[in-house]
J.: 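Sharing a structure, written as structure tokens. Questions coming.
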Amino acid sequence: MFTIGQFSKITALPVKTLRFYHEKNLLIPARVEAGTGYRYYDDRNIQTARVITALRALEFSLDEIAEILAQHDDDSDILHFLKHRKQSLQDRIEHDRDIVATIDRIVHNEQEARRTMSQKQFEIEEKSLPPQLVAGIRMQCRYDEIGTGFSQIGRKLGRHISGKPLCLYYDNEYREEDADLEPCMPLRKHVPVDGISVRELPGGRCVTLVHRGPYQQLGRSYERVLKHCADQGYEIQTPTREVYLKGPGMIFRGNPKNYLTEIQFLIQEPNPAP
């Protein structure tokens with residue numbers, strides 16, 4: 001079971017949207033705790049959420065999505081439905097042709113993601129992280145705006161940077177407009193700069209997974225890491241980290257399918273039973 005915040009991270013749906021979907025009986029949690037009203041979600045909810053997101057991107061209304069979910073039992077059945085929908089859209093105006101291309105990308109990206117996640121070199125690891133000197137800028141913004149933070153650090157501390165960029169995430173859920181995050185760059189030595197926090201990040205026991213592919217598919221890797229931590233009874237410490245081993249350059253963006261992002265969760269192991 002995932003908390004509503006964890007489920008939000010996996011599916012890239014804000015908590016307020018999940019609550020709305022629940023109220024509409026579109027995405028009903030696997031369990032709602034009596035008394036507190038806390039919502040908990042399972043694997044089947046994840047698949048349903050991804051189908052809803054895909055259909056919303058194709059401009060289906062919530063009522064239409066509810067009808068589709070009621071008439072189709074599993075993912076393969078829904079993919080079959082989307083392929084037929086594609087054929088009918090080809091006779092419509094140019095805007096509808098863009099929707100057809102979106103369907104192609106959904107099916108292709110799904111297959112690519114499954115193939116990549118099955119490769120053995122991308123396995124969950126547990127390791128010890130050493131303390132690390134970094135320069136960071138705390139921001140509240142959209143996730144695609146963190147590049148401005150890296151640019152500011154690069155302009156002021158470029159010659160002192162030593163290592164791959166990383167970002168600290170302070171939220172326990174996915175947020176669309178006001179994510180609480182901190183782009184950081186490793187430094188060789190402590191150099192004080194106005195407007196930039198230069199400090200030592202603590203080390204510790206860590207669960208990691210290298211994600212290969214576009215940033216939009218990171219939710220699949222978060223799902224694996226969160227499951228592992230839950231299975232082991234680990235308590236995840238905030239902020240969590242993403243280290244960008246390979247990503248877009250300053251001039252050339254490169255192929256997003258080849259981006260490498262290491263997800264890092266610092267953990268506290270459960271206390272042994274007395």
J.: Hydrophobic cluster membership, with links at side-chain heavy-atom distances under 4.5 Å among I/L/V/M/F/W/Y: are Val193 and Leu133 in one?
T.: yes

J.: Please determine whether a side-chain nitrogen of the Lys or Arg among Lys227 and Asp43 lies less than 4.0 Å from a carboxylate oxygen of the Asp or Glu.
T.: yes

J.: Could you walk me through whether Glu123 and Arg224 pass salt bridge (charged side-chain N to carboxylate O under 4.0 Å, His left out), step by step?
T.: CA-CA 9 Å; Glu123 294 292 339; Arg224 291 179 63 190; 3.6 Å; yes

J.: Can Arg19 and Glu23 be counted as an ion pair, charged N to O under 4.0 angstrom?
T.: no

J.: Going from CG on Leu201 to SG on Cys184, what distance comes out if it is rounded to the nearest 0.5 angstrom?
T.: 5.5 Å

J.: Rounded to the nearest 0.5 Å, what's the gap from CE on Met139 to CD1 on Ile137? Could you check?
T.: 7.5 Å

J.: Would you compute the distance between atom CZ of Arg220 and atom CD1 of Ile46 and round it to the nearest 0.5 angstrom?
T.: 10.0 Å

J.: Parallel under 30°, tilted from 30 to 60°, perpendicular over 60°: which one fits the rings of Tyr259 and Tyr215?
T.: tilted

J.: Sub-3.5 Å donor-acceptor pair from the side chain of Thr11 to the main-chain atoms of Ala49, do we have one?
T.: no

J.: With Tyr41 as reference, evaluate Phe2, Phe7, Tyr21 under the ring-ring contact (aromatic ring centres under 6.0 Å, His included) test and give the passing residue.
T.: Phe7

J.: Any luck finding a side-chain donor-acceptor pair between Gln268 and Tyr234 under 3.5 Å?
T.: no

J.: To the nearest 0.5 Å, how far apart are CG in Asn45 and CE in Met1?
T.: 8.0 Å

J.: Side chains of Arg205 and Leu266: does their closest heavy-atom pair fall under 4.5 Å?
T.: no

J.: If we ignore hydrogens and angles and just use 3.5 Å, is the side chain of Ser151 paired with the main-chain N or O of Gly147 as donor and acceptor?
T.: yes

J.: For the hydrophobic clusters of this structure (ILVMFWY residues joined by side-chain heavy atoms under 4.5 Å, transitively), does one cluster hold both Phe20 and Val15?
T.: yes

J.: Can you check side-chain hydrogen bond (donor to acceptor under 3.5 Å, both in side chains) on Glu126 and His228, steps first, answer last?
T.: CA-CA 10 Å; Glu126 295 190 18; His228 178 84; 2.8 Å; yes

J.: Output the distance between atom CG (Leu27) and atom CG (Leu62), rounded to the nearest 0.5 Å.
T.: 11.5 Å

J.: Tell me, do Tyr40 and Pro29 make a side-chain contact under 4.5 Å, heavy atoms counted?
T.: no

J.: Shared ILVMFWY cluster between Val32 and Ile28, side chains joined below 4.5 angstrom?
T.: no

J.: CD1/Ile52 to CG/Leu18 distance, rounded to the nearest 0.5 angstrom?
T.: 9.0 Å

J.: Checking side-chain contact (heavy atoms from CB on, under 4.5 Å) between Phe265 and each of Thr208, Leu226, Thr238, which is the one that passes?
T.: Leu226

J.: Are Leu129 and Leu260 co-members of a hydrophobic cluster defined by side-chain heavy atoms under 4.5 Å apart?
T.: no

J.: Pair Lys16, Glu177 - check salt bridge (charged side-chain N to carboxylate O under 4.0 Å, His left out), show working.
T.: CA-CA 13 Å; Lys16 65 179 181 180; Glu177 300 293 334; over 6 Å; no

J.: Would you say that Leu245 contacts Val210 through its side chain, given a criterion of any heavy-atom pair below 4.5 Å between the two side chains?
T.: yes

J.: Could you tell me whether Lys189 and Glu200 make a salt bridge, using a distance below 4.0 angstrom between a side-chain N and a carboxylate O?
T.: no

J.: Within the 3.5 Å criterion, strictly below it, is a donor on Thr36 or Glu33 matched to an acceptor on the partner's side chain?
T.: yes

J.: Apply side-chain hydrogen bond (donor to acceptor under 3.5 Å, both in side chains) to residues Glu145 and Tyr143 and explain how you reach the verdict.
T.: CA-CA 5 Å; Glu145 294 175 336; Tyr143 296 108; over 6 Å; no

J.: Salt-bridged, Arg142 to Asp178, with N to O below 4.0 Å?
T.: no

J.: Is the positively charged end of Lys9 above the ring of Tyr222, judged by distance under 6.0 angstrom from the centroid and angle within 45° of the axis?
T.: yes

J.: Does Tyr38 OH have over 12 foreign heavy atoms under 6.0 Å away?
T.: no

